[in-house]
*Asks:* 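My questions will all concern the structure given below.
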Amino acid sequence: MGTPARGGTLCPVCLRPAGSGRCHEHGPWEPHQLLTRDDRRRAAASPVRQPFEPRVQACPRCLGEVALGRLGFHCVEHGHSRDGHGPYRVDELLGPTAQREAALHRMRLARRTRARRDAQVIELQSLPWPDAARTARLLGGAAVIAATLAFLAR
């Protein structure tokens, strides 16, 4: 019913690759229901609201609210974007059980992404700079010793 999503290849529930529009665990999906890599990145970047309360029907790509339009159901948040979500028929929307499972997978993805990002951050501990007066005294003493050794070596 809708236009195919650009590059949509991921199952909307488990976020795994769905070759030929078919997920091994969740069955067949229409091309416009499949998540794109951008949808997956968006899911990883923004955590699912807690506690998760499923809607009666939700957008398969973002679990967002849907509204009835002329051609079918459109995602309220992404319906008019460059890569719009929808239109969907009623049987193409996610029900409460699928929403709970999808939210669980998205929370895990967000947690893994956050942990990976935090592990990559390297914190360099700054070393305290020595007191300027003490440094000047040490450099002065080293200069006197070097001058004395140079004088004695001659």
Side-chain angles (χ1 to χ4, degrees), residues 2-27 29-55 57-67 74-86 88 93-154:
T3 58
R6 282 172 270 186
T9 58
L10 304 172
C11 172
V13 177
C14 64
L15 309 177
R16 292 188 188 116
S20 303
R22 182 170 191 78
C23 176
H24 295 293
E25 191 175 335
H26 299 102
W29 298 97
E30 293 296 322
H32 63 283
Q33 289 176 288
L34 296 173
L35 271 69
T36 63
R37 298 288 175 193
D38 288 339
D39 293 333
R40 188 173 196 276
R41 255 191 304 277
R42 216 176 291 124
S46 62
V48 177
R49 64 192 182 282
Q50 285 296 333
F52 179 76
E53 293 189 28
R55 296 174 165 80
Q57 296 167 328
C59 173
R61 290 180 57 191
C62 68
L63 300 182
E65 189 176 342
V66 292
H74 291 270
C75 178
V76 172
E77 188 173 336
H78 298 99
H80 301 288
S81 67
R82 178 180 55 85
D83 184 21
H85 298 181
Y88 302 109
L93 299 171
L94 292 184
T97 304
Q99 289 177 49
R100 282 188 198 96
E101 188 175 348
L104 180 67
H105 286 287
R106 291 164 198 239
M107 284 187 295
R108 287 180 184 157
L109 174 66
R111 191 173 31 241
R112 276 195 314 266
T113 303
R114 200 170 34 254
R116 218 176 284 131
R117 184 185 62 231
D118 292 347
Q120 290 176 351
V121 174
I122 298 173
E123 243 181 79
L124 297 176
Q125 293 185 2
S126 60
L127 297 173
W129 286 96
D131 183 28
R134 183 171 183 219
T135 303
R137 283 195 309 270
L138 285 173
L139 288 175
V144 168
I145 291 173
T148 304
L149 288 175
F151 176 76
L152 292 176
R154 251 197 290 164

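Predicted model, so just to flag it, every value in this text is computed and none were measured.
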*Asks:* If you look only at pairs with a residue in residues 15-24, which of them pass as a salt bridge (charged side-chain N to carboxylate O under 4.0 Å, His left out), with sequence neighbours excluded?
*Replies:* Arg16-Glu25
*Asks:* Could you tell me the separation between the CH2 atom of Trp29 and the SG atom of Cys23, rounded to the nearest 0.5 Å?
*Replies:* 8.0 Å
*Asks:* Just how far is it from atom OG1 of Thr36 to atom CG of Leu10, taken to the nearest 0.5 Å?
*Replies:* 7.5 Å
*Asks:* What distance do Gln33 atom CD and Leu94 atom CG have between them, rounded to the nearest 0.5 Å?
*Replies:* 7.5 Å
*Asks:* If you compare all heavy atoms of Ala18 against all heavy atoms of Leu34, which two are closest, and at what distance to 0.1 Å?
*Replies:* CB-CD2, 4.0 Å
*Asks:* Is there a side-chain contact between Phe52 and Gln99, using heavy atoms and a 4.5 Å cut-off?
*Replies:* yes
*Asks:* State, to 0.1 Å, how close Pro96 and Arg55 come at their nearest heavy-atom pair, and which atoms those are.
*Replies:* CG-O, 3.6 Å
*Asks:* Which atom names give the shortest non-hydrogen contact between Gln57 and Val66, and what distance separates them?
*Replies:* O-CG2, 3.9 Å
*Asks:* To the closest 0.5 Å, what do you measure between SG (Cys75) and CG (Leu63)?
*Replies:* 9.5 Å
*Asks:* Going from CG on Leu138 to CG on Asp131, what distance comes out if it is rounded to the nearest 0.5 angstrom?
*Replies:* 10.0 Å
*Asks:* In residues 101-112, what donor-acceptor pairs under 3.5 Å come from side-chain atoms, sequence neighbours left out?
*Replies:*
from	atom 1	to	atom 2	distance (Å)
Glu101	OE2	His26	NE2	2.7
Arg106	NH1	Arg61	O	3.2
Arg106	NH2	Pro12	O	2.9
Arg106	NH2	Pro60	O	3.3

*Asks:* Nearest heavy-atom pair of Ala44 and Thr113: which atoms, and what distance?
*Replies:* CB-OG1, 3.4 Å
*Asks:* For Leu15 and Leu35, what are the C-alpha separation, side-chain angles and deciding distance, and is it a side chain to side chain contact (heavy atoms under 4.5 Å, CB included)?
*Replies:* CA-CA 7 Å; Leu15 309 177; Leu35 271 69; 3.2 Å; yes
*Asks:* Hey, are the side chains of His85 and Cys62 touching, using non-hydrogen atoms and a 4.5 Å cut-off?
*Replies:* yes
*Asks:* Mind checking side chain to side chain donor-acceptor pair (under 3.5 Å) for Arg41 and listing every partner two or more places apart, or none if nothing turns up?
*Replies:* Asp38
